[in-house]
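One structure is given below, encoded as structure tokens.
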Amino acid sequence: MTAHTVSPDAPAQPVPVQHADTTPGTTSGTTSDRLLALLQDGRARHRLIEHAPEGRTDVVSALRGNALAQAAKCIVVRVKVTKKSSRYALAVVPGDRRVDLARLKELYDARHVSFADQATAERLSHCVSGSIVPFSFDPELELIVDPGLLEHQEIFFNAAELDLSLALHTEDYQRLAAPQVTPIAEPLAGTAP
């Protein structure tokens, strides 16, 4: 595992990411490149962490050495507002919790809320499944984050690559991602609230 630290106090050099872009419909650079450029331009305090390819939140958290509660679990959901109208949201919750679909249904006053199919999730997030970032680069994808994730000084997530992660200061994440923040998480099955 390799880590690279970037501080806003010194000019940061981008770390070259030499991964093939497998995201359908992407034409100018990878989502990882776009994200890293956003963090560089925004002078965000962050660290890059290289690790074995992994997209499962619990397993990759162990590889990175972060608490599961600091991991940003990113799920694309389909919100059926009317019989003929749907919208999509990127629901981001702490890694030790799960998305509360009933809460999202209530929040959007929707008829039905479900997980988006894999092809739609990958198209809207511009990431392969398991590496979705807690940023939206698509106007059709609304970003909503549970406040429980933001209680930590730093959050961790795959950087649009299964073998590359980011540790990002929460303050910088909120400033650059500008998410809607509202409770959307519930305990995992079999755990205490």
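All of these numbers come straight from a predicted model, not from anything done at the bench. Side-chain atoms are counted along with the backbone in the values below, which use heavy atoms only and exclude waters and symmetry mates. If you read the sequence from its start, that first residue is 1, and numbering goes on from there.
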Exercise for review: Identify whether V59 and I132 are in the same connected component of the hydrophobic contact network (ILVMFWY, side-chain heavy atoms under 4.5 Å).
Suggested key: no
Review point. Shared ILVMFWY cluster between Y88 and V79, side chains joined below 4.5 angstrom?
Key: no
Review point. If you round to the nearest 0.5 Å, how far is CD of E161 from CG of L48?
Key: 11.0 Å
Practice item. Could you please spell out the steps behind the side-chain hydrogen bond (donor to acceptor under 3.5 Å, both in side chains) verdict for R78 and S86? Key: CA-CA 7 Å; R78 179 179 180 205; S86 291; 3.1 Å; yes
Check your understanding: Does atom CD of E171 have more than 12 heavy-atom neighbours, drawn from other residues, nucleotides or ligands, at distances under 6.0 Å?
Key -> no
Point to revise | Stepwise side-chain contact (heavy atoms from CB on, under 4.5 Å) test for F115 and I75 | key: CA-CA 7 Å; F115 298 119; I75 308 290; 3.2 Å; yes
Revision key, fill the gap. One should read off an interatomic distance between D41 CG and L36 CG, to the nearest 0.5 angstrom, of 11.0 Å
Review point. Applying the 4.5 Å side-chain criterion to the ILVMFWY set and letting contacts propagate, would L38 and L164 be lumped into a single cluster?
Key: yes
Practice item. Report the distance from atom CZ of R123 to atom CG of D117, rounding to the nearest 0.5 Å. Key: 8.5 Å
Point to revise | Atom CZ of R56 with >12 non-hydrogen neighbours under 6.0 angstrom | key: no
Point to revise | Close side-chain approach of F156 to R47, heavy-atom, < 4.5 Å | key: yes
**Study point:** Cationic N near anionic O, under 4.0 Å, R45 to E154
**Key:** no
Check your understanding: Any side-chain heavy atom of L39 sitting closer than 4.5 Å to one from L166?
Key -> yes
Practice item. Using side chain to side chain contact (heavy atoms under 4.5 Å, CB included) as the criterion, point out the one residue from L162, V60, T31 that pairs with S131. Key: L162
Point to revise | Contacts of R103 that satisfy salt bridge (charged side-chain N to carboxylate O under 4.0 Å, His left out) - sequence neighbours left out | key: E106
Review point. For R98, which residues count as a side-chain contact (heavy atoms from CB on, under 4.5 Å) partner, sequence neighbours excluded?
Key: E186, L188, A189
Check your understanding: Are P187 and R97 close enough that some pair of their side-chain heavy atoms sits under 4.5 Å apart?
Key -> yes
Revision key, fill the gap. Here the ring pair (Phe, Tyr, Trp, His ring centres under 6.0 Å) pairs for residues 159-178, sequence neighbours left out, are F135-Y173
Review point. side-chain contact (heavy atoms from CB on, under 4.5 Å) with A69: which residues, sequence neighbours excluded?
Key: D96, H152
Show me the donor-acceptor pairs within less than 3.5 Å that the side chains of residues 137-151 make with the rest of the protein, sequence neighbours left out.
unit_1: D138; atom_1: OD1; unit_2: E140; atom_2: N; d: 2.8
unit_1: E142; atom_1: OE1; unit_2: R87; atom_2: NH2; d: 2.7
unit_1: E142; atom_1: OE1; unit_2: Y108; atom_2: OH; d: 3.3
unit_1: E142; atom_1: OE2; unit_2: Y108; atom_2: OH; d: 3.3
unit_1: D146; atom_1: OD1; unit_2: I184; atom_2: N; d: 2.7
unit_1: D146; atom_1: OD1; unit_2: A185; atom_2: N; d: 3.0
unit_1: D146; atom_1: OD2; unit_2: G148; atom_2: N; d: 2.9

Practice item. In sequence, state the C-alpha distance, the side-chain angles, and the governing distance for C74 and L90, and then conclude on side-chain contact (heavy atoms from CB on, under 4.5 Å). Key: CA-CA 7 Å; C74 305; L90 177 55; 3.9 Å; yes
Practice item. Kindly check if the number of other-residue, nucleotide or ligand heavy atoms within 6.0 Å of NZ (K105) is above 12? Key: no
Practice item. Could you tell me whether a side-chain N or O of S165 sits under 3.5 Å from a main-chain N or O of A159, the two making a donor and an acceptor? Key: no
Study note, to complete from the structure: Interatomic distance, CD@Q153 vs CG@L168, rounded to 0.5 Å, equals 11.0 Å
Practice item. Show your working on side-chain contact (heavy atoms from CB on, under 4.5 Å) between E54 and L63 and close with a plain yes or no. Key: CA-CA 9 Å; E54 184 56 62; L63 290 172; 3.9 Å; yes
Check your understanding: Rounded to the nearest 0.5 Å, how far does NE2 of H126 lie from CG of L35?
Key -> 13.0 Å
**Study point:** Pairwise side-chain contact, E122 with C127, heavy-atom cut-off 4.5 Å (strictly under)
**Key:** no
Check your understanding: So L107 and Q180, side-chain contact (heavy atoms from CB on, under 4.5 Å) or not? Walk me through it.
Key -> CA-CA 12 Å; L107 182 68; Q180 176 184 346; 4.1 Å; yes
Practice item. Go through the structure and list residues passing side-chain contact (heavy atoms from CB on, under 4.5 Å) with S61, not counting sequence neighbours. Key: T57, R64, N66, L68, A71
Point to revise | Shared hydrophobic cluster for V113 and V93 (ILVMFWY, side-chain gaps under 4.5 Å) | key: yes
